[in-house]
Asks: 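Here it is, the structure in full.
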Amino acid sequence: MGQENKKLFLIVYYIGLAAGICLMNYAFLQQPDFTMDLINKFTNLDKFSFIAKDEFFFYVLFTRGKQIFFLVLCYYFFPKYLLLLLLNLYFSFSLGCFFSLEVFYQGFQGILYGICYFLPHFICYGGIYFLALKYVEICEKRSKFKRNQFVICTILLAVVGCLLETYVNSALMIVLYGKK
């Protein structure tokens, strides 16, 4: 990916992050009931201890599988850079909203909780995004890269991400949010 594209991705990321923060701050002032509903969802994360892990794994796998399947289809049928830019905007917007909510509710300790909320499964999902960027770069250079390798790596990272989200992240959320 060229320097111009990297700058564009970074600019889009910061625009989405700022928009998410601004929107959530607006919601704090204008829609306090909405923000309290969101906060209550996070304070009830200790309910993970009552859910059967196998059922939760298949729920997460099915949910993430649908999302990734949809994105892979879009990736093959739409302009790749446009889709990746839109994903970048969506992720940064969501991140801005989430961290703004966490900081509002828990202060700067909320940033630590927010990071723990996304780790370790975000590494796998971020890896899928990184693979998509590299795939576009390789396709531009007309290198020999089998589409099957990309799909297999994507599926493998998605399954590992679902496992981490189910077992590791839920245990971490019980520890962090269960002490309230």
Asks: Under 4.5 Å between side-chain heavy atoms, counting indirect links through other Ile/Leu/Val/Met/Phe/Trp/Tyr residues: same cluster for F62 and L164 or not?
Replies: no

Asks: Are L29 and M24 connected in a single hydrophobic cluster, I mean Ile/Leu/Val/Met/Phe/Trp/Tyr linked by side-chain heavy atoms less than 4.5 Å apart?
Replies: no

Asks: Are L73 and L86 co-members of a hydrophobic cluster defined by side-chain heavy atoms under 4.5 Å apart?
Replies: no

Asks: Quick one: OG1 on T35 to CZ on F104, what's the gap to the nearest 0.5 Å?
Replies: 5.5 Å

Asks: Run the side chain to side chain contact (heavy atoms under 4.5 Å, CB included) test on F28 and Y105 for me, step by step, so that the C-alpha distance in whole Å, both residues' side-chain angles and the decisive distance to 0.1 Å come before the verdict.
Replies: CA-CA 10 Å; F28 295 143; Y105 178 62; over 6 Å; no

Asks: Give the minimum heavy-atom separation between Y125 and R64, together with the two atoms involved.
Replies: OH-CG, 3.5 Å

Asks: To the nearest 0.5 Å, what is the distance between OG1 on T166 and CG on L61?
Replies: 8.0 Å

Asks: Apply side chain to side chain contact (heavy atoms under 4.5 Å, CB included) to residues F57 and L163 and explain how you reach the verdict.
Replies: CA-CA 7 Å; F57 170 71; L163 285 168; 3.4 Å; yes

Asks: Aromatic rings F98 and F118: how do their planes relate, parallel, tilted or perpendicular, breaks at 30° and 60°?
Replies: perpendicular

Asks: Rounded to the nearest 0.5 Å, how far does CZ of F77 lie from CG of L83?
Replies: 12.5 Å

Asks: Minimum heavy-atom separation for C124 and V160, please, with both atom names.
Replies: SG-CG1, 3.6 Å

Asks: Has N88 got a side-chain atom pairing as donor or acceptor with L84's backbone, closer than 3.5 angstrom?
Replies: no

Asks: Between CZ of F56 and CD of E165, what distance do you get to the nearest 0.5 Å?
Replies: 6.0 Å

Asks: If you compare all heavy atoms of T154 against all heavy atoms of I68, which two are closest, and at what distance to 0.1 Å?
Replies: CG2-CG2, 4.0 Å

Asks: Is there side-chain contact between Y81 and L8, with heavy atoms separated by less than 4.5 Å?
Replies: no

Asks: Determine whether L71 and I155 fall in the same hydrophobic cluster, where Ile, Leu, Val, Met, Phe, Trp and Tyr are linked whenever their side-chain heavy atoms lie under 4.5 Å apart.
Replies: yes

Asks: Checking S100 side chain against C97 main chain: does a donor-acceptor pair fall under 3.5 Å?
Replies: no

Asks: State, to 0.1 Å, how close L157 and G127 come at their nearest heavy-atom pair, and which atoms those are.
Replies: CD1-C, 3.8 Å

Asks: Between L85 and F130, is there shared hydrophobic-cluster membership here, with clusters defined by ILVMFWY side-chain heavy atoms closer than 4.5 Å?
Replies: no

Asks: Is it true that atom CZ of F122 has more than 12 heavy atoms of other residues, nucleotides or ligands lying nearer than 6.0 Å?
Replies: no

Asks: So, using side-chain contact (heavy atoms from CB on, under 4.5 Å) as the criterion, who are the partners of F34 when residues are at least two apart?
Replies: A27, Q31, L38

Asks: Cluster partners of F93, using ILVMFWY side-chain heavy atoms under 4.5 angstrom, listed by chain and number?
Replies: L23

Asks: Of the non-hydrogen atoms in I111 and F99, which two are nearest, and what is the gap between them?
Replies: O-CE2, 3.6 Å

Asks: Which atoms form the tightest heavy-atom contact between E102 and Y113, and what is the distance?
Replies: OE1-CB, 3.6 Å

Asks: Does the side chain of Y13 reach to within under 4.5 Å of the side chain of L95, using non-hydrogen atoms?
Replies: yes

Asks: Would you compute the distance between atom CD1 of I15 and atom CG of L10 and round it to the nearest 0.5 angstrom?
Replies: 10.0 Å

Asks: To the nearest 0.5 Å, what is the distance between CG on L87 and CG on L82?
Replies: 10.0 Å

